[in-house]
Amino acid sequence: MRSRLLLFVPLILFVALAVFLWHGIGRDPAARTSALLSTPFPAFALEDLDDPSVVHDQSLLDGQVSLVNVWGEWCPTCKQEMPQLLDLAERGVRIIGVDYKDTRDNAHAFLDQFGDPFTANVFDPDGSLGFDLGVYGAPESFIVDANGVIRYHHTGYITPEDVDRVIMPTIESLGP
């Protein structure tokens, strides 16, 4: 009798695994929250995309609300997101780019083709800042308050609806 019950163990394990995977499929990966919310932006020291002699650090985010956008030329959804970033820049939003796991030549070609909404662009060729931000793909965006604290994390590209529904209200709630 006991050996017959052991025959059901693989079936029970299969059902448990299926329930676990089904639960994960139903979740929206863009809705995940960042462990970095309400924490200071990670420390970094990385070159400017345009001028390697300029090194940016987290002080770049002090004194003004900023949208930090992680992007790369290799990222197809970054191309879809650029019109929204250009719109936000035209509305006066300060956007700091983090060119993630890219080359300077490819990044410049991308900006020449799709526009450049960035006030400054931090060059992150090895992805060290992206790693510290917990980025698992591009694009991802962070809204950082004037004290350098992360207040919002957006996974995936910013849609036109996100601009008016989430991004602008969040930035406006944090003040100038």
Side-chain angles (χ1 to χ4, degrees), residues 30 34 36-52 54-104 106-125 127-176:
S34 173
L36 296 177
L37 289 180
S38 300
T39 64
F41 198 85
F44 68 93
L46 292 168
E47 295 175 357
D48 184 85
L49 176 65
D50 296 328
D51 185 354
V54 175
V55 175
H56 296 292
D57 61 22
Q58 63 277 12
S59 68
L60 179 66
L61 302 168
D62 291 343
Q64 193 173 354
V65 176
S66 303
L67 176 75
V68 177
N69 179 260
V70 180
W71 67 279
E73 179 275 336
W74 49 267
C75 160
T77 51
C78 294
K79 296 170 186 163
Q80 292 177 293
E81 185 180 55
M82 286 307 275
Q84 289 74 252
L85 296 180
L86 291 165
D87 177 36
L88 288 166
E90 286 179 14
R91 295 181 190 205
V93 174
R94 182 174 189 252
I95 305 175
I96 306 298
V98 176
D99 182 30
Y100 179 66
K101 294 186 176 181
D102 211 347
T103 66
R104 288 183 195 277
N106 287 346
H108 286 124
F110 180 89
L111 295 174
D112 288 345
Q113 183 176 358
F114 295 99
D116 186 354
F118 304 109
T119 302
N121 242 318
V122 176
F123 186 52
D124 187 18
S128 62
L129 178 55
F131 180 80
D132 290 344
L133 287 168
V135 169
Y136 64 89
E140 289 193 30
S141 297
F142 299 84
I143 295 177
V144 181
D145 71 15
N147 297 317
V149 175
I150 296 172
R151 295 299 178 188
Y152 175 75
H153 177 213
H154 189 92
T155 304
Y157 81 101
I158 296 171
T159 66
E161 294 78 24
D162 292 332
V163 169
D164 291 321
R165 194 183 52 193
V166 179
I167 302 298
M168 286 306 296
T170 302
I171 288 172
E172 289 167 357
S173 73
L174 296 173

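Along the sequence shown, residues carry numbers from 1. Because the structure is predicted, anything quoted here is derived from the model rather than measured.
Counting only heavy atoms from C-beta outward, the side chains of Val149 and Thr39 never approach each other to under 4.5 Å. The closest side-chain heavy-atom distance from Asn106 to Trp74 is not below 4.5 Å. Between Leu88 and Pro117 there is no side-chain heavy-atom pair separated by less than 4.5 Å. For the pair Tyr100/Phe131, no side-chain contact is recorded, criterion being any heavy-atom separation below 4.5 Å from C-beta on. Under the 4.5 Å side-chain criterion, counting only non-hydrogen atoms from C-beta, Leu133 is in contact with Leu36. Between Asn69 and Pro139 there is a side-chain heavy-atom pair separated by less than 4.5 Å. Inter-residue side-chain proximity for Val65 and Val144 is flagged as unmet; no heavy-atom pair is nearer than 4.5 Å. Residues Asp116 and Asn121 meet the side-chain proximity criterion, which asks for heavy atoms closer than 4.5 Å.
Between the side chain of Asp124 and the backbone N or O of Leu129 there is at least one donor-acceptor pair closer than 3.5 Å. With hydrogens and angles disregarded, no donor-acceptor distance shorter than 3.5 Å links the side chain of Arg151 to the backbone of Leu174.
Scanning all heavy atoms of the two residues, the minimum distance from Asp99 to Gly72 falls at OD1-CA, 3.8 Å. Nearest heavy-atom pair, Thr170 versus Ser173, reported as atom, atom and distance to 0.1 Å: O-OG, 2.7 Å.
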query = Can you list the steps and then say if Leu46 with Ser128 is a side-chain contact (heavy atoms from CB on, under 4.5 Å)?
reply = CA-CA 9 Å; Leu46 292 168; Ser128 62; 4.1 Å; yes
task = Apply side-chain contact (heavy atoms from CB on, under 4.5 Å) to the pair Tyr152 and Leu67, showing each step before the final yes or no.
result = CA-CA 9 Å; Tyr152 175 75; Leu67 176 75; over 6 Å; no
query = How far apart are the C-alpha atoms of Leu85 and Trp71, what are their side-chain angles, what is the distance that settles it, and do they pass the side-chain contact (heavy atoms from CB on, under 4.5 Å) test?
reply = CA-CA 11 Å; Leu85 296 180; Trp71 67 279; over 6 Å; no
task = Go through the steps to decide whether Asp48 and Arg104 satisfy the test salt bridge (Lys or Arg N to Asp or Glu O under 4.0 Å), and finish with yes or no.
result = CA-CA 10 Å; Asp48 184 85; Arg104 288 183 195 277; over 6 Å; no
inquiry  = Let's go through Asp50 and His108 carefully: what are the C-alpha distance in whole Å and the side-chain angles of both, what is the deciding distance for side chain to side chain donor-acceptor pair (under 3.5 Å) to 0.1 Å, and is it a yes or a no?
reply    = CA-CA 8 Å; Asp50 296 328; His108 286 124; 2.8 Å; yes
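Applying the ring-ring contact (aromatic ring centres under 6.0 Å, His included) criterion to Phe123, with sequence neighbours excluded, gives no partner residue. Remark: Asp162 engages Arg165 in a salt bridge (charged side-chain N to carboxylate O under 4.0 Å, His left out) (not counting sequence neighbours).
Put simply, CD on Glu73 and NZ on Lys101 are 15.0 Å apart, with the number rounded to the nearest 0.5 Å. The NE2 atom of His56 sits 7.5 Å away from the CD1 atom of Ile96 when rounded to the nearest 0.5 Å. The distance from the CD1 atom of Ile158 to the SG atom of Cys78 is 10.5 Å, given to the nearest 0.5 Å. Rounding to the nearest 0.5 Å places CG of Asp164 at 10.5 Å from CD of Gln84. A distance of 3.5 Å separates NE2 of His153 from CZ of Phe142, quoted to the nearest 0.5 Å. Put simply, OG on Ser141 and CD1 on Ile167 are 6.5 Å apart, with the number rounded to the nearest 0.5 Å.
Judged by distance alone, the side chains of Ser59 and Asp62 never bring a donor and an acceptor atom under 3.5 Å apart. Side-chain atoms of Thr119 and Arg94 form no donor-acceptor pair, as typed in the model, at a separation below 3.5 Å.
Using a 30° and 60° split on the angle between ring planes, Phe114 and Phe110 fall in the tilted class, from 30° to 60°.
Evaluated for a side-chain contact (heavy atoms from CB on, under 4.5 Å) with Tyr157, the options Glu140, Lys79, Met82, Gln80 yield exactly one hit, Gln80.
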